[in-house]
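For reference, the structure is listed below as structure tokens.
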Amino acid sequence: RIRLVQVSNASGASLLDAVQQAVAPGSTVNTDGWQGYNGLDELGYRHKVVRPHGDIGDNLLPNCHLVASLLKRWLLGTHQGAVRAKHLAYYLDEFTFRFNRRTSRSRGKLFYRMVQQSVQLDPQPYVRIITPQSLGGG
């Protein structure tokens, strides 16, 4: 399963906040050597740098590259250039939903979960859907 979240930039503050939103404390987080990930240990994560340098060579983060490649193909193919930054969080949510259920053998359960969420969550007025939300705030 994947989780995707929009970040404003690749700074440590943005990346560490995104990790805290998506990953349970105590988990091992595998990253490349980007300095923005420094500080994960202090937040209670086991930080493992699997690719310390940007040298070309073995792909040590193949799942990350697979997801990024599929996401780019999906955005370019399905939305054909009509992607807007203010809706990026919604695109990421839809892609995550589709990716995590791509091999599901229980299609009926997907419909059941959708109906379940539609009655458990509050309605979203159109103006809230089209209004950009602050990054990381909802």
Side-chain angles (χ1 to χ4, degrees):
R1 295 180 64 91
I2 63 168
R3 292 187 183 179
L4 299 174
V5 62
Q6 181 179 0
V7 293
S8 56
N9 56 48
S11 70
S14 295
L15 294 174
L16 296 178
D17 183 50
V19 169
Q20 287 181 298
Q21 287 180 42
V23 182
S27 299
T28 299
V29 178
N30 296 326
T31 70
D32 57 12
W34 182 252
Q35 291 181 351
Y37 294 112
N38 294 346
L40 284 172
D41 294 321
E42 291 82 25
L43 294 174
Y45 298 97
R46 290 182 299 275
H47 182 205
K48 181 179 176 187
V49 177
V50 296
R51 188 180 191 117
H53 306 292
D55 300 337
I56 300 202
D58 293 334
N59 183 1
L60 298 176
L61 297 168
N63 293 334
C64 294
H65 296 149
L66 170 69
V67 170
S69 175
L70 291 173
L71 174 62
K72 289 191 312 189
R73 270 294 111 215
W74 178 74
L75 287 172
L76 291 171
T78 302
H79 300 288
Q80 300 182 9
V83 174
R84 300 293 177 256
K86 68 182 182 177
H87 299 300
L88 182 58
Y90 298 111
Y91 296 127
L92 295 177
D93 286 346
E94 180 180 352
F95 180 80
T96 299
F97 179 87
R98 291 173 180 273
F99 184 89
N100 287 338
R101 288 157 184 84
R102 72 194 183 286
T103 59
S104 174
R105 298 192 191 278
S106 338
R107 296 291 179 197
K109 195 170 187 177
L110 294 177
F111 179 75
Y112 172 77
R113 291 286 183 227
M114 182 184 69
V115 171
Q116 184 181 35
Q117 283 193 340
S118 70
V119 297
Q120 288 179 340
L121 300 175
D122 292 331
Q124 297 298 311
Y126 177 72
V127 69
R128 184 171 187 301
I129 293 171
I130 64 168
T131 304
Q133 302 298 310
S134 64
L135 295 178

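Position 1 is the first residue of the sequence, and the numbers go up from there.
- Taking CD of Glu94 as the reference point, atom OG1 of Thr78 lies at 8.0 Å (rounded to 0.5 Å).
- The main-chain N or O of His79 is never found under 3.5 Å from a side-chain atom of Tyr91 such that the two would form a donor-acceptor pair.
- Residues Leu4 and Trp74 share a single hydrophobic cluster, defined by chaining ILVMFWY side chains whose heavy atoms lie under 4.5 Å apart.
- Looking at Arg1 and Phe99, their side chains never come closer than 4.5 Å, going by heavy atoms from C-beta outward.
- For residues 29-49, no pair satisfies salt bridge (Lys or Arg N to Asp or Glu O under 4.0 Å), with sequence neighbours left out.
- Heavy-atom neighbours of Arg102 CZ from other residues, nucleotides or ligands within 6.0 Å: above the threshold of 12.
- Here the side chains of Leu92 and Leu71 are in contact, with some heavy-atom distance below 4.5 Å.
- In this structure, the separation between CD1 on Ile2 and CG on Leu66 is 9.0 Å, given to the nearest 0.5 Å.
- Among all heavy-atom pairs drawn from Val7 and Ala18, the shortest one is CG1-CB, 3.6 Å.
- Atom CG of residue Leu15 and atom OG1 of residue Thr31 lie 9.5 Å apart, to the nearest 0.5 angstrom.
- For the pair Arg98 and Phe95, the cation-pi criterion (under 6.0 Å, within 45° of the ring axis) is not fulfilled.
- Under the 4.5 Å side-chain criterion, counting only non-hydrogen atoms from C-beta, Val115 is not in contact with Tyr112.
- Partners of Ser11 under the side chain to side chain contact (heavy atoms under 4.5 Å, CB included) rule, at least two apart in sequence or in another chain, are Asn9, Ala13, Ser14.
- Hydrophobic clustering of Ile, Leu, Val, Met, Phe, Trp and Tyr side chains at less than 4.5 Å, counting indirect connections, unites Val83 with Val67.
- Counting non-hydrogen atoms of other residues, nucleotides and ligands closer than 6.0 Å to CD of Gln35 gives a total of 12 or fewer.
- The number of heavy-atom neighbours closer than 6.0 Å to CZ of Arg101, taken from other residues, nucleotides and ligands shown, is above 12.
- For the atom pair Arg113 CZ and Gln116 CD, the distance stands at 5.0 Å (nearest 0.5 Å).
- Residue Leu70 is not grouped with residue Phe97 when hydrophobic side chains (ILVMFWY) are merged at heavy-atom distances under 4.5 angstrom, including chains of intermediate members.
- In this pair, Tyr37 and His47 present their aromatic rings tilted. The plane angle is within the 30 to 60° band.
- Taking the six-membered ring where tryptophan is involved, the planes of Tyr90 and His87 are tilted, since the angle between them lies from 30° to 60°.
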